[in-house]
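From a predicted model like this one, the values you see are computed outputs, not experimental measurements.
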Amino acid sequence: KRIIIADEVDRYRLTLGDDGLTWDQITARGQAWSTEKKVLAISTPTTAVGSIISQLHNEGDQHQYYVPCPYCGFMQLLDFSSDKGAGLAWDYKNGRIDKRSLRFICSGPGCGKDIRENQKPKMLLGGEWRATARAIDEGIASFHINGLYSPFLSWYEMAKGYDEAQNSPEKKQTFFN
């Protein structure tokens with residue numbers, strides 16, 4: 001197999017002068033190997049418009065990582081609640097996020113239990129990647145995962161970043177990148 005690895009593709013220039021589109025030039029390097037090639041594109045999306053990685057992700061089968069609730073076993077994504085009754089939630093105390101109130105609310109039918117961050121490692125071990133779309137061509141796998149899954153980022157730090165980003169377009173772009 002021939003492997004082409006392109007890291008941080010959304011930071012690439014769109015074109016290579018008179019040589020054409022950068023991404024087309026990269027993938028052309030593997031044409032001679034036909035089905036014997038693998039192309040791995042890695043990046044954080046920068047902006048919605050003109051994002052190479054977002055386009056590539058949308059062309060693939062869009063895998064997301066589902067984790068089980070430690071109480072009911074319901075498989076779900078780790079995300080922010082945004083007033084939908086499930087997901088990462090917190091309370092405020094004296095105008096600040098109350099760190100002790102942080103919890104992930106299960107979205108399982110009839111569950112809704114609070115999951116604490118110390119339960120995250122077990123949830124991650126029981127998780128699985130699931131395709132959420134149909135790829136435009138067979139064999140195009142794409143994956144997305146957010147910082148809530150990271151063993152190196154606390155839910156508190158993520159909640160603070162999310163909260164601060166709500167009133168600033170620049171901070172919102174930084175947070176979601």
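Between Phe143 and His63, the ring planes lie parallel to each other; the angle is under 30°, not in the 30° to 60° tilted range. Using a 30° and 60° split on the angle between ring planes, His57 and His144 fall in the perpendicular class, above 60°.
Interatomic distance, Gln64 CD to Asn146 CG, rounded to the nearest 0.5 Å: 8.5 Å. One finds the CD1 atom of Ile136 at 12.5 Å from the CZ atom of Arg134 (value rounded to the nearest 0.5 Å). Here CD1 of Ile52 is found 6.5 Å from OG1 of Thr22. Values are rounded to the nearest 0.5 Å. To the nearest 0.5 Å, atom CH2 of residue Trp155 and atom OG of residue Ser150 are 12.0 Å apart. The CD1 atom of Ile3 sits 11.0 Å away from the CD atom of Glu36 when rounded to the nearest 0.5 Å. The line from CG of Leu21 to CD1 of Ile26 is 10.5 Å long, rounded to the nearest 0.5 Å.
For Trp23 and Tyr12, the ring centers sit 6.0 Å or farther from each other.
The two residues Tyr162 and Gln166 make their nearest non-hydrogen contact at O-NE2, 2.8 Å. Smallest separation of non-hydrogen atoms from Tyr149 and Ile145: CD1-CG1, 3.4 Å. Ala41 approaches Val9 most closely through the heavy-atom pair CB-CG1, 4.3 Å.
Under the side-chain contact (heavy atoms from CB on, under 4.5 Å) test applied with Gln76, the options Pro68, Cys111, Cys69 reduce to a single match, Cys69. The only option from Lys120, Met75, Glu128, Met123 that meets the side-chain contact (heavy atoms from CB on, under 4.5 Å) definition with Val67 turns out to be Met123.
With hydrogens and angles disregarded, no donor-acceptor distance shorter than 3.5 Å links the side chain of Tyr66 to the backbone of Leu78. Under the 3.5 Å distance criterion, the side-chain polar atoms of Asp163 are left unmatched by any main-chain donor or acceptor of Ala159. Between the side chain of Arg116 and the backbone N or O of Leu102 there is at least one donor-acceptor pair closer than 3.5 Å.
Annotation: side chain of Asp98 is in contact with side chain of Arg100 (closest heavy-atom distance under 4.5 Å). The closest side-chain heavy-atom distance from Ile4 to Thr27 is not below 4.5 Å. Residues Thr44 and Ile53 fail the side-chain proximity criterion, which asks for heavy atoms closer than 4.5 Å. Contact of the Cys106 side chain with the Cys72 side chain is registered, since non-hydrogen atoms from C-beta on lie closer than 4.5 Å. Side-chain atoms of Leu77 and Tyr65, non-hydrogen and from C-beta on, never get closer than 4.5 Å to each other. Taking 4.5 Å as the limit, some side-chain heavy atom of Tyr92 sits within range of a side-chain heavy atom of Ile97. Between Ile105 and Ile115 the shortest side-chain heavy-atom distance does not fall below 4.5 Å.
No more than 12 heavy-atom neighbours from other residues, nucleotides or ligands sit within 6.0 angstrom of CD on Glu138.
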| task | Begin from the C-alpha positions of Glu59 and Asp137 and carry the test side chain to side chain contact (heavy atoms under 4.5 Å, CB included) through to its verdict. | result | CA-CA 8 Å; Glu59 291 174 2; Asp137 285 321; over 6 Å; no
| said: Test side chain to side chain contact (heavy atoms under 4.5 Å, CB included) on Leu148 and Leu88; report intermediate values, then the result. | reply: CA-CA 9 Å; Leu148 292 174; Leu88 190 67; 3.6 Å; yes
| said: Would Gln119 and Tyr71 count as a side chain to side chain donor-acceptor pair (under 3.5 Å) here? Give the steps. | reply: CA-CA 10 Å; Gln119 295 170 293; Tyr71 302 105; 3.1 Å; yes
| request: Could you go through the side chain to side chain contact (heavy atoms under 4.5 Å, CB included) check for Trp90 and Phe80 one step at a time? | output: CA-CA 10 Å; Trp90 55 87; Phe80 292 90; 4.0 Å; yes
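No hydrogens or angles considered: nothing links the side chains of Asp10 and Ser43 as a donor-acceptor pair under 3.5 Å. With hydrogens and angles left out, the side-chain atoms of Gln62 and Ser142 include no donor and acceptor closer than 3.5 Å.
Residues Asp91 and Lys99 are not paired through a salt bridge, judged by the lack of any N-O separation under 4.0 Å between the basic side chain and the carboxylate.
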